[in-house]
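Below is one structure, written out as structure tokens; the observations come after it.
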Protein chains: 2
Amino acid sequence: MAALAGVSPGAVSKVFNGTGRISEATAERIRDAARKLSWRPNAAAIALRTARAQAIGLVLSSDSKVPGVGAGNMDFISGIESVLSPREYGLLLNVFISGQHDEHHFYRTLAERQRMDGIILTNSMVGDTRPELMTQLGLPAVLVGTPWKPGAIEYVDADPPGAGIAETVDHLVELGHERIAYVSGPKDFVLPVQRREAFVQRLAEHGRQPHAVVSVEYSPARAAEETTALLAAPVRPTAILYGTDTMAIAGMRTLQAAGLRVPDDISVVGFEGLTLGEWIDPPLTTVQRFAFQRGRAAAAKVLTLLGETVEEPVPLERPALVVRGSTGPAPR
Amino acid sequence: MAALAGVSPGAVSKVFNGTGRISEATAERIRDAARKLSWRPNAAAIALRTARAQAIGLVLSSDSKVPGVGAGNMDFISGIESVLSPREYGLLLNVFISGQHDEHHFYRTLAERQRMDGIILTNSMVGDTRPELMTQLGLPAVLVGTPWKPGAIEYVDADPPGAGIAETVDHLVELGHERIAYVSGPKDFVLPVQRREAFVQRLAEHGRQPHAVVSVEYSPARAAEETTALLAAPVRPTAILYGTDTMAIAGMRTLQAAGLRVPDDISVVGFEGLTLGEWIDPPLTTVQRFAFQRGRAAAAKVLTLLGETVEEPVPLERPALVVRGSTGPAPR
DNA sequence: TTGTATGCGTTATCAG
DNA sequence: CTGATAACGCATACAA
């Protein structure tokens, strides 16, 4: 570019980075030439010279049994992009397939390639070794969720321990429910573990005990199975919380197939706030999360770690109980 | 690295690229050193030198009204990654927000930054100008879907014009349905337009006419509205096809709320094959698509365009009708 | 077979 | 204030 514009490459750099001193005359001349040639600074050259890739990585986890990654992730990604793209940062997506990839090797490769300046990690796990790994690799990282071990990694806590659970329990207790069960997500993830604990604790504060608590993988089929098991027991629950909306919907279907009416015979609560929840019968009472905001917050945090100045202190809305039709007074 | 290993930089390059001739002895020595230093070729330097970013871009569209991008995209992304990542290609995600971004400027910037060697475009549109734009920008592109104008762009046709529609119509006709309505997706997208046409045509082949055909945006709320309108008419349909599963579920809920039984009074068919469809009441009859495969095929095609040799000719499974509980014999 | 030099498009440093 | 110049880490053509 420089040559074509008849100026020195250094001058061009100064103009496009606002650095150094340059006369307005030549600056304008350079901008003109750039426009005419529709020239843009070459990303690779910048990356090489500054040792900054101008991109951040995102690792989404997936199970080898289920190649797809959770649907809620799309809003999350949009949120990330909404703060990255205005700053000309790229988003590098990586799908980690547990069982197929070796975690250590996977992240090490990511770091050594130096294609990303920072990384966003999801799915905080019990006994997670990634925080230490990332510091060891020297790759600025932000975990989305509550870290298993505090202090080991920067994080964005969109779901403060047990968020929404207390409200849910209160809501059900108020409705007179005595036997509340919880079909939770897998216990190797931090989020469901915390929600379980918060569930038990809040119930205790009401002087009660959970009717039952089980942990299963995030799967509608498994949720349905556990629901059936719950119904087979001599004493049935009057309300069931589920780890996700999808599980709740599958559970609700199972209940209805067994001849129970929701919410007259039994109440159901989900977790996520899928739009679809409004369109099933009855509409699903759930804890609404805010994936887009979560993404924004995570991206803002990474950029901050990189020394980028992110003015707006992206607010994180706390997950909130949305009461719809699947919860009602306890039977009898 | 070269210096540290006590060899020439050229030698290192040869070893890691399999190019040029080098003795196995020194090659091994270099590999050893690399392992010890846990050294990897620097992506930026390679990109600069070879003028190849070793990354491909993906543009997901989103509406400014709805920041999120469709949920089905996650499997699609996993599919792309599954062919990109083994070849050390990165996936650069970009969210295009219609109404907020200027299309021309958006893609031009993407191309000029040279961060991606090729690009995957989604949401084929009626009157799409992107094919011409991409050739003009010189950025190898693959469109996922049927192009509006043939020949202007490479594409991967996961949904050959009207796929699944004929089977659906046949299925309903066999069940004795005379009045079939179609609540289709927006008419600025190629896919819904083609499905509409296929619908009308197949019906014609059976010597029939559609009961009604409407195009609305992809939204459960709009689907519900149109369903209500359909019910308000003097003559009601006995079956309704919807543009997506989500729309179908919302529509079904509307029908049930109006006192109609599905499928006894009216049949419902969706499009996509969401797992959740199995867990509603009644389970949704739908046209199953294969997002993961679609992603794989798209990625393979882009790489081929770049001169990369992709051995496996990623197969594309044709969308197929999955009959579940929401369709049944026509009433009376 | 191996080592060396040059350049990719920037940024940063320095002399003009 | 401006223009030349040396890296950044690699690939490649060429010399040894």
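Every chain is numbered from 1 and lettered A, B, ... according to where its sequence line falls, protein lines coming before strand lines.
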(request) Check the surroundings of atom OH in B/Tyr218: do more than 12 heavy atoms from other residues, nucleotides or ligands lie under 6.0 Å from it? (result)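 Yes.
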
(message) Considering only residues two or more places apart or on different chains, which pairs with a residue in residues 140-154 of chain A satisfy side chain to side chain donor-acceptor pair (under 3.5 Å)?
(response)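 Listed once each, the pairs are A/Glu132-A/Lys149, A/Thr146-A/Asp157, A/Thr146-A/Gln194.
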
(request) Can you measure from CG (B/Leu143) to CD1 (B/Ile119) and round to the nearest 0.5 angstrom? (result)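 Nearest 0.5 Å value for the CG-CD1 distance: 11.0 Å.
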
(request) To the nearest 0.5 Å, tell me how far A/Asn17 CG sits from A/Thr50 OG1. (result)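 Nearest 0.5 Å value for the CG-OG1 distance: 9.5 Å.
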
Which atom pairs link the protein and nucleotides 5-8 of chain C when you take only N or O atoms and keep those under 3.5 Å?
{"from": "C/dG7", "atom 1": "N2", "to": "B/Arg49", "atom 2": "NH1", "distance (Å)": "2.8"}

(request) Give B/Ser23 one of three labels, base, sugar-phosphate or nothing, depending on what nucleic acid heavy atoms sit under 4.0 Å from its own. (result)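 Result for B/Ser23 = sugar-phosphate.
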
(message) Over all strands shown, is B/Arg52 touching base, sugar-phosphate only, or nothing at heavy-atom distances under 4.0 angstrom?
(response)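 The residue B/Arg52 makes no contact with any strand.
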
(request) Return the set of residues passing salt bridge (charged side-chain N to carboxylate O under 4.0 Å, His left out) with A/Glu88 (not counting sequence neighbours), or none when no residue passes. (result)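 Partners of A/Glu88 by the salt bridge (charged side-chain N to carboxylate O under 4.0 Å, His left out) criterion, ordered by chain and then number, come out as B/Arg113.
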
(request) Could I get the full list of salt bridge (charged side-chain N to carboxylate O under 4.0 Å, His left out) partners for B/Arg289, not counting sequence neighbours? (result)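 B/Asp159, B/Glu272.
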
Tell me the interatomic distance from [X], atom [atom1], to [N], atom [atom2], rounded to whole angstroms.
{"X": "A/Leu37", "N": "C/dG9", "atom1": "CG", "atom2": "P", "result": "13 Å"}
{"X": "B/Ile30", "N": "D/dA11", "atom1": "CD1", "atom2": "C1'", "result": "14 Å"}
{"X": "B/Arg40", "N": "D/dA11", "atom1": "CZ", "atom2": "P", "result": "14 Å"}

(request) Could you pick out which residue, B/Ala27 or B/Gln114, lies toward the 5' side of DNA chain C when each is mapped onto its nearest nucleotide? (result)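 Result: B/Ala27.
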
(message) Between B/Glu112 and A/Arg35, does any NZ, NE, NH1 or NH2 come within less than 4.0 Å of an OD or OE carboxylate oxygen?
(response)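 Salt bridge flag = no for B/Glu112 with A/Arg35.
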
(request) Go through the structure and list residues passing side chain to side chain contact (heavy atoms under 4.5 Å, CB included) with A/Thr135, not counting sequence neighbours. (result)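 Counting only residues at least two positions away or on another chain, A/Thr135 forms no side chain to side chain contact (heavy atoms under 4.5 Å, CB included).
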
(request) Verify the contact: side-chain N or O of B/Asn42 to OP1 or OP2 of D/dC8, cut-off strictly under 4.0 Å; return yes or no. (result)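 Result: no.
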
(request) Could you provide the dot-bracket string of DNA chain C, using ( ) for intrastrand pairs, [ ] for crossing pairs and | for bases paired to another strand, with Watson-Crick or G-U pairs below 3.5 Å? (result) |.||||||||||||||

